[in-house]
Amino acid sequence: MSNNKVLEGMKIPEHVAIIMDGNGRWAKKRMLPRNMGHVQGAKTVEQICEDADSVGIKYLTVYAFSTENWSRPEKEVNAIMKLLRNYLKDCIKRANTNNMKVRVIGERSRLSDDIREKIEELEEASKNNTGLNFTIALNYGSKDEITRAVKRIVRDCVDGITNVEDIDEKMISGYLDTAGIPDPDLLIRTSGEERLSNYLMWQLAYAEFYFTDVLWPDFDKDELIKAIEKYNGRDRRFGGVNEE
Ligand code: FPP
């Protein structure tokens, strides 16, 4: 299949968020070390960016490393960081070839200096690109993001930059790491798990959820199309009712 024709006449979600789960199980099934699952998962990320762009998705956000993932064995954390380091380096070239604008969300102070520098370089190099808006959640957790936003809002109130009375949902959204990015329309989680795992909890308030048993390294354009088809079967009412 892999053909955009099947999507003709369908509503394409503007923003798709993905929890890329199942790398470890993918490797285990093949008697490979867990890290090989992450390596293959990173390749899937590259391909899915191109696929998302080709079907007309404007924003894609992936969960690469959560604030909780530091509790994994040190060897695995180091391997993921090494992979991310290489990915970020290559991504500068790829972002410009594919006209992709890349942003990283999450708390950066715990990341190593060289990773932080690569993130800054990548964001700067791709900031004027007009194609897919690709966001990588790295050392990201919703509770951490909201806590940091609350601190900044309180500080701005104390400093007289804003007032308590002016705090509303729009203002809070503007203090989150995702400021300026529309809320996701569709959340995809692979590998059969059906949890939010501290991902974009504020932003996903009205998103449709799509869960699939496919392991992340096996997720491809056909699977993306299946998720979009399912999304089209949903009746999004945002808390209201649809008029007959
Ligand atoms: C979940 O699989 C995956 C992760 C915690 C890491 C995701 C990282 C990548 C896909 C690679 C790097 C990312 C980018 C953006 C290049 P798991 O290890 O929890 O799998 P399991 O549940 O089967 O053990």
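The first residue of the sequence shown is numbered 1, and numbering continues consecutively from there. Read the numbers this way: they start at 1 and go in the same order the structure lists the ligands and their atoms.
- For ligand 1, the polar-atom distance check against Arg72 finds a nitrogen or oxygen pair separated by under 3.5 Å.
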### Worked verdict on Arg116 versus Glu121 for salt bridge (charged side-chain N to carboxylate O under 4.0 Å, His left out)
CA-CA 9 Å; Arg116 270 204 308 271; Glu121 253 176 74; over 6 Å; no
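- Residues Ile188 and Leu186 have side chains in contact (heavy-atom distance under 4.5 Å, counting atoms from C-beta outward).
- Distances between N or O atoms of Asn23 and those of ligand 1 include at least one value under 3.5 Å.
- Here is the list of ligand 1 atoms found below 4.0 Å of a heavy atom in Tyr87: 16 (C).
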### Task
Start with the C-alpha gap between Arg103 and Glu123, add the side-chain angles, then the distance that decides, and say whether salt bridge (charged side-chain N to carboxylate O under 4.0 Å, His left out) holds.
CA-CA 6 Å; Arg103 245 172 92 164; Glu123 288 184 331; 5.4 Å; no
### Message
Please determine whether salt bridge (charged side-chain N to carboxylate O under 4.0 Å, His left out) holds for the pair Glu124 and Lys127, giving the CA-CA distance in whole Å, both sets of side-chain angles, and the decisive distance to 0.1 Å.
### Response
CA-CA 5 Å; Glu124 181 60 28; Lys127 71 176 184 203; 2.8 Å; yes
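- Residue Gly24 places at least one N or O, backbone or side chain, under 3.5 Å from an N or O of ligand 1.
- The Arg25 neighbourhood of ligand 1 comprises atoms 21 (P), 22 (O), 23 (O), with distances under 4.0 Å to a heavy atom of that residue.
- Under a 3.5 Å cut-off, the side chain of Asn129 and the backbone N or O of Ala95 do form a donor-acceptor pair.
- The protein non-hydrogen atom at the shortest distance from atom 1 (C) of ligand 1 is Met20 O, 3.2 Å.
- Atom CZ of Phe211 is separated from atom CD1 of Ile19 by 7.5 Å, given to the nearest 0.5 angstrom.
- Distances below 4.0 Å separate heavy atoms of Ala64 from the following atoms of ligand 1: 6 (C), 7 (C), 8 (C), 13 (C), 15 (C).
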What side-chain donor-acceptor pairs closer than 3.5 Å can you find for residues 169-184, not counting sequence neighbours?
from: Ser173; atom 1: OG; to: Glu169; atom 2: O; distance (Å): 3.2
from: Ser173; atom 1: OG; to: Trp202; atom 2: NE1; distance (Å): 3.1
from: Tyr175; atom 1: OH; to: Asp156; atom 2: OD2; distance (Å): 2.7
from: Asp177; atom 1: OD1; to: Arg148; atom 2: NH1; distance (Å): 3.0
from: Asp177; atom 1: OD2; to: Gly106; atom 2: N; distance (Å): 3.0
from: Asp177; atom 1: OD2; to: Arg148; atom 2: NH2; distance (Å): 2.7
from: Thr178; atom 1: OG1; to: Gln203; atom 2: NE2; distance (Å): 2.8

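- Atoms of ligand 1 lying under 4.0 Å from at least one heavy atom of Asn69, given by number and element, are 5 (C).
- Ligand 1 does not have Ser191 within reach: every non-hydrogen atom of the residue lies 4.0 Å or more from it.
- For atom 14 (C) of ligand 1, the closest heavy atom belonging to the protein is Leu84 CD2, 3.8 Å.
- Of all protein heavy atoms, the one closest to atom 11 (C) of ligand 1 is His38 O, 3.7 Å.
- The CE atom of Met81 lies 10.0 Å from the CG atom of Leu88; values are rounded to the nearest 0.5 Å.
- Taking a cut-off of under 4.0 Å to the non-hydrogen atoms of Arg34, the atoms of ligand 1 that pass are 17 (P), 18 (O), 24 (O).
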